[in-house]
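Each residue takes its place number in the sequence, starting with 1. These numbers come from a predicted model, not from an experiment.
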Amino acid sequence: MAKQTFQTEVSQLLQLIIHSLYSQKEIFLRELISNSSDALDKLKYLTLTQDEFKSMDFEPRIDIEFEEGENPTLTIKDSGIGMSKKDFKDNLGTIARSGTKNFLSKMSGDAKKDSNLIGQFGVGFYSCFMVADKVDVISKKAGNKQAHKWTSDGKSGYEIVPDKTEETGTTIVLHLNDEGKEFASRWKIESTVKKYSDHIDFPIFLSYEDTEYDDEGKEKAKTPKTEQINDATAFWKRPKNELKKKDYNEFYKTLSYDSEAPLDWVHSTAEGMLEFTVLFFIPKKAPADIYRADYQPGVKLYVNRVFITDDEKELLPTWLRFVKGIIDSSDLPLNVSREILQQNRVMSKIKSNSVKKVLDKIKTISKNKDKYEGFYNEFGRLLKEGVYQEFEHKEALTELLRFKSTKEEGFVSLQDYLDRMSSDQESIYYITGTNESALRESPLLEMYKEKDIEVLILDDEIDEIIMPSIPTFKEKSLKSVNRSGAADELNKDSDKDKKEELKPLIKKVKSVLGDKVKDVKSSSRLSDSPSCIVADENDPTAQMQEIMRATGQVGMPEIKPILEINPGHKIIKKLSEMRKGKAFDDGVLLIYEQALLQEGVKLDNPAGFVKRLNKLMEKSL
């Protein structure tokens, strides 16, 4: 067959890998063994679930051989599912799903970190060209009669020709270059496998010549030997008392392609009516795709150590999509489908139990304030999603939420707030917006500062959606100070008299503003500011309206704010004394517009506002 050229992106990738990751070249062996393990997983699954493969003589194993000398080679062979001619073209000649583009965009220049990205984006095979001038891949796919051989130098393209191999599986022969000749060594291979692939759930055998020496140190004889060089036990099935922190860290890095150790992990086995093992890791940093609809799930499903899927979003709730790990069940069918996962009672119980385990671990982390602050900065938004979505675990999730506060630096919990509350305070108060500095200076907080009442500062736009789903916490109501009724329970009897005095002015203000506002009221919450805007109890706040518009909810009726004015403020007192006219109208519009600006609302007519402000400045200067 004539030589075929690589897809353009593959050529770019090959050059990039060779020149950028040379200091981490040993990762090629990790990637090739990982690919072999995947191939064995796939064939193992078929031999257990598909009638046409059940009678196959299947001995899952990975074999490694090497040749020293002037033309050193390294051979990795597996008895897995194998590849057809089409698979060669699809998997080795092109890269699906824009894997290269994603890989290129994530490259940092740090060889160690970038070497972990290789596996993450499915481009690991090409790393072998860091150590080889030429690569041969001989493969026969399970169920096919014809084997094929793929050959490439990693530069000019590749050839695919028929091969006479009878055995199902794949053999990769690397013709090592000067950079890679150190891997034609028993000790180098063994140490690399121990470092990266000891946990692989299939035996890895290394064949070598064992040299015997006589008493004088001269070579006596060479004996061919084959030894298993990995543990070959599913890591998550090993007793916890045998495993050390270092073991968990290394397994996590292999599983997740993360260059950092995990923040923490959960390793648990359930026995009795339901038998399953879970091993979950909580990363230190959120993955880049965490808020994308096409995020990659981080949990793999096994049934009795048989790999089933790593692309199923039903294994854990979506708000736990930051968790990486393994679920291995003894009670699910091997041919479990997506529909079965959604409806299966066993899976439902495993899922519920898994969520509890993760929540218990997060609760433990929360006892360490600094550690939890790091976690919350990365994943706090996802916990909020959980509060909104969950019923079963809502209470536990609510206790894990953290907020900024007018009383304390850093984050506080709702329990912290309760512990500081005075006995006669009826509610927990919070303010929502998008800018922390602006919220802390908001006129809506004036009364609470005066009365020394703590208010939680919620400056994440998702808070507008989440907080209404938490009406109470431990029998205390949660109230948004952005709403008109939040201050009612704090009003004094003297406030009623002030409202009566302000009625004539309110009538005149309403006539000026017309349908710009839903209502105009005398305010008891203001002390330093002349005015503020709030939302009616059942209306969305100004920020919520912005969110609704940003999410494409067009045709939504315009919700008018309520304008509250401060009867004790000099500006309001002067307006009360003024007759209706242009100066009065300008003054009313200015206190309305400044209230909108303080709430972060865009003005409909900024030019009109500037004119009125300039006119006022001319008179006062």
Test your reading of the model: is there a side-chain donor-acceptor pair from [X] to the backbone of [Y], 3.5 Å cut-off?
X: N249; Y: K246; result: no
X: S197; Y: I200; result: no
X: E390; Y: L397; result: no
X: E378; Y: A286; result: yes
X: S34; Y: R30; result: no
X: S329; Y: D331; result: yes

Residues two or more places apart in sequence or in another chain: which of them pass ring pair (Phe, Tyr, Trp, His ring centres under 6.0 Å) with [X]?
X: F28; result: F183
X: H267; result: Y248
X: F58; result: none

What about the rings of F129 and Y126, do their centers lie closer together than 6.0 Å?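 No, ring centres 6.0 Å or more apart.
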Centroid-centroid distance, W150 to F125, less than 6.0 Å: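 Yes, they do, as the ring centres are separated by less than 6.0 Å.
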A side-chain contact here means heavy atoms from C-beta on lying under 4.5 Å apart; do [X] and [Y] qualify?
X: K361; Y: I282; result: yes
X: F235; Y: T233; result: no
X: L301; Y: F307; result: no
X: L279; Y: V266; result: no

Please round to the nearest 0.5 Å and tell me the distance separating atom CZ of F88 and atom NZ of K141.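 One finds 11.0 Å between CZ of F88 and NZ of K141.
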